[in-house]
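Below: one structure, written as structure tokens.
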Amino acid sequence: MMSHLRQDPLRGYWVVVNETRGRRPDEFAAAPARRRALRCPFCGGNEDATPHALAEYRGARNGSASLWQARVIPNKYPAFVGDAPPDRSNGRTIQPAGFHSADNAGRHEVIVESRRHVASFAQLTEDEAERAATVYRDRLLALTETPGLVYGALFKNTGADAGASIEHTHSQLIGMPFLPPEAVLEIENCRQHYNATGGPLLAEIVASELEQAIRVVARTENFIAFCPYASRFPFQMWVAPLQATPRFEHTPVEQLHELAGLLKHLVARIETATQGASHNMLLHTAPLKKTVCPGFSWRLELFPRISRQAGLEWGSGVFINTVAPETAAARLRE
């Protein structure tokens with residue numbers, strides 16, 4: 001496939017698709033090693049190594065009802081901490097030359113999805129995966145009741161190259177007192193498209209992907225997984241509902257269970273295709289408050305960390321993808 005440019009329809013980013021770049025020589029090799037002697041703070045029985053739980057989920061269909069099966073704890077090293085004022089102007093300092101500052105208030109939670117020591121979402125049992133999706137919904141709903149918070153950023157880092165500092169599989173949820181720039185950009189683009197056409201942008205993308213079929217990886221009754229047309233990373237996937245809806249936390253329980261099974265399947269496919277590479281999973285959803293976001297729909301983003309970003313990416317925001325989305329989807333389907 002010849003090198004060419006593609007534009008992300010949701011955010012406007014330009015991506016260079018050039019598979020020949022993947023054949024460049026690499027003189028550098030790094031293999032992160034885990035210190036095996038460390039006591040895992042997320043394993044069952046080691047609860048004294050973490051802060052007091054915010055929530056625990058018990059009553060497993062398989063296992064003891066007296067033991068927690070999923071656990072939510074405050075992050076011991078939070079990026080956001082403290083009560084956010086209902087009015088964000090409180091605590092904000094405006095200095096000369098546009099140097100603004102504000103209280104770093106918010107919530108930073110860790111969601112431990114299994115008491116067993118497993119390293120990946122794909123290694124969760126069906127029960128554990130379904131419970132994890134339910135916890136994600138519950139914690140986002142809890143953030144909506146917290147004064148001063150505007151956005152909930154839910155993400156999972158798996159492996160050292162993806163930013164994980166602990167091997168035991170877990171996700172993180174950060175409640176922010178502002179709307180992050182990525183969300184602002186996507187919501188505004190969706191609003192403009194909706195005003196111009198009357199339809200949700202992501203729904204149109206999904207319909208096009210279903211019609212072309214060349215980038216679709218998997219489909220269930222209510223969800224689709226595909227490698228987006230302007231993928232910034234090799235084997236990047238979006239997981240979206242077939243019926244556009246703005247808020248992940250409003251997904252019905254039975255659909256959450258369906259989604260959990262799909263995610264297990266997709267993570268296993270990525271790990272097989274990339275020999276167990278580190279990977280990230282991110283949720284893009286509507287703001288926590290009842291802000292109207294016309295034309296916006298939630299989606300999950302999943303990608304392995306097998307490429308490195310360098311000067312071009314950081315300096316211009318233009319990414320080079322060395323595996324075309326069509327090639328990636330075909331390999332993930334195998």
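Because the structure is a prediction, the values reported are computed rather than measured. FYI, side chains are in, hydrogens and waters are out, and symmetry mates aren't considered; it's all heavy atoms of this structure.
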Would you say His279's side chain and Phe303's backbone share a donor-acceptor pair under 3.5 angstrom?
no
Result of checking Phe296, Trp298, Phe223 against Phe248 for ring-ring contact (aromatic ring centres under 6.0 Å, His included):
Trp298
Residues in side chain to side chain donor-acceptor pair (under 3.5 Å) contact with Arg331, at least two apart in sequence or another chain:
none
Residues at least two apart in sequence or cross-chain that pass side-chain contact (heavy atoms from CB on, under 4.5 Å) with Pro252, listed by chain then number, are Glu254, Gln255
Would you say the side chain of Ser120 lies within less than 4.5 Å of the side chain of Thr169, judging by non-hydrogen atoms?
no
Output all residues satisfying side chain to side chain donor-acceptor pair (under 3.5 Å) with Gln7, sequence neighbours left out; order by chain, then residue number.
none
Compare all side-chain heavy atoms of Leu54 with those of Arg139 and state whether any distance is below 4.5 angstrom.
yes
Between OG1 on residue Thr144 and NZ on residue Lys289, distance to nearest 0.5 Å
6.5 Å
Within the structure provided, determine whether Glu313 and Arg308 are in side-chain contact (heavy-atom separation under 4.5 Å).
no
Under the salt bridge (charged side-chain N to carboxylate O under 4.0 Å, His left out) criterion, do Glu56 and Arg71 qualify, and how do the steps go?
CA-CA 5 Å; Glu56 291 185 340; Arg71 195 163 181 256; 3.0 Å; yes
Under the rule for side-chain contact (heavy atoms from CB on, under 4.5 Å), what residues qualify as partners of Glu182, not counting sequence neighbours?
Arg11, Tyr13
Can you tell me if Gln69 uses its side chain to pair, donor with acceptor, with the backbone of Leu67 under 3.5 Å?
yes
Judged by atom type as modelled, is there a donor-acceptor pair below 3.5 Å linking the side chain of Lys76 to the main-chain atoms of Thr50?
no
Before giving the answer on salt bridge (charged side-chain N to carboxylate O under 4.0 Å, His left out), spell out for Glu126 and Lys264 the whole-Å C-alpha distance, their side-chain angles and the decisive distance to 0.1 Å.
CA-CA 8 Å; Glu126 182 178 329; Lys264 264 178 57 70; over 6 Å; no
Say whether, by atom type as modelled, one donor and one acceptor occur between the side chain of Glu211 and the main chain of Ala207 under 3.5 angstrom.
no
What is the minimum heavy-atom distance between Ser231 and Val15, and which atoms define it?
O-CG1, 3.2 Å
Hydrogens and angles aside, do Thr327 and Glu19 bring a side-chain donor and acceptor to less than 3.5 Å of each other?
yes
Of all residues at least two apart in sequence or in a different chain, which pass the side chain to side chain donor-acceptor pair (under 3.5 Å) check with Glu186?
Arg299
Name all pairs fulfilling the side chain to side chain donor-acceptor pair (under 3.5 Å) condition that reach into residues 214-223, sequence neighbours left out, sorted by first residue then second.
Glu209-Arg215, Gln212-Arg215, Arg215-Glu326, Thr220-Glu258, Asn222-Glu258
For a quick test of reading the model, state the closest non-hydrogen atom pair linking Phe235 to Ile270 and the distance between them.
O-CD1, 3.9 Å
Heavy atoms only: give me the nearest Ala244-Ser297 pair and the separation to one decimal.
CA-OG, 3.4 Å
Looking at side-chain heavy atoms only, is the closest gap between Val239 and Leu266 below 4.5 Å?
yes
Residue list, side-chain contact (heavy atoms from CB on, under 4.5 Å) with Ser316, at least two apart or on another chain:
Leu312, Val318
With distance as the sole test, does Thr245 use its side chain to make a donor-acceptor pair with the main-chain N or O of Pro241 at under 3.5 Å?
no
Rounded to the nearest 0.5 Å, what separation is found between the OG1 atom of Thr285 and the CG atom of Leu154?
9.5 Å
Between Glu113 and Arg131, does any NZ, NE, NH1 or NH2 come within less than 4.0 Å of an OD or OE carboxylate oxygen?
no
Tell me whether Phe155 at atom CZ has more than 12 heavy atoms from other residues, nucleotides or ligands lying less than 6.0 Å away.
yes
Using modelled atom types only, decide if a donor and an acceptor are shared between the side chain of Asn280 and the backbone of Ala162 within a distance under 3.5 Å.
yes
Restricting to pairs with a member in residues 190-205, which pass salt bridge (Lys or Arg N to Asp or Glu O under 4.0 Å), not counting sequence neighbours?
Glu188-Arg191
How many angstroms lie between CG in Leu288 and OG1 in Thr146, if you round to the nearest 0.5 Å?
8.0 Å
Beyond-backbone contact of Arg107 with Phe80, side-chain heavy atoms, under 4.5 angstrom:
no
Once you round to the nearest 0.5 Å, how far does CE of Met281 lie from NZ of Lys156?
5.5 Å
Tell me the closest heavy-atom pair linking Leu124 and Ser114, and the distance in Å.
CD2-CB, 3.7 Å
Is any side-chain heavy atom of Arg137 closer than 4.5 Å to a side-chain heavy atom of Thr134?
yes
Side chains of Thr125 and Arg116: any donor to acceptor distance under 3.5 Å?
no
Which pair of heavy atoms, one from Pro200 and one from Tyr194, lies closest together, and at what distance?
N-CD1, 4.2 Å
Tell me, do Glu301 and His284 make a side-chain contact under 4.5 Å, heavy atoms counted?
yes
For Arg269, is there an ion pair with Glu334 - N to carboxylate O distance below 4.0 angstrom?
no
Answer yes or no: is there a side-chain heavy-atom contact under 4.5 Å between Thr251 and Leu259?
no
If you compare all heavy atoms of Leu332 against all heavy atoms of Cys227, which two are closest, and at what distance to 0.1 Å?
CD1-SG, 3.9 Å
My understanding is that only residues two or more places apart in sequence, or in another chain, count here; which of them pass side chain to side chain donor-acceptor pair (under 3.5 Å) with Tyr57?
Asp138
Apply side-chain contact (heavy atoms from CB on, under 4.5 Å) to Ser307 and list each qualifying residue two or more places apart in sequence or on a separate chain.
Phe233, Pro234, Gln309
Do the side chain of Ser3 and the main chain of Asn18 share a donor and acceptor less than 3.5 angstrom apart?
no
Whichever hydrophobic residues join Val216 through chains of side-chain contacts under 4.5 Å:
Leu10, Leu201, Leu202, Ile205, Val206, Leu210, Ile224, Phe226, Trp238, Leu242
Considering only distance and modelled atom types, tabulate donor-acceptor pairs under 3.5 Å from the side chains of residues 41-48, sequence neighbours left out.
unit_1: Asn46; atom_1: OD1; unit_2: Arg39; atom_2: NE; d: 3.3
unit_1: Asn46; atom_1: OD1; unit_2: Arg39; atom_2: NH2; d: 3.2
unit_1: Asn46; atom_1: ND2; unit_2: Cys40; atom_2: O; d: 2.6
unit_1: Glu47; atom_1: OE1; unit_2: Gly45; atom_2: N; d: 3.2
unit_1: Glu47; atom_1: OE2; unit_2: Gly45; atom_2: N; d: 3.0
unit_1: Glu47; atom_1: OE2; unit_2: Trp68; atom_2: NE1; d: 2.6
unit_1: Asp48; atom_1: OD1; unit_2: Arg39; atom_2: NH2; d: 2.8

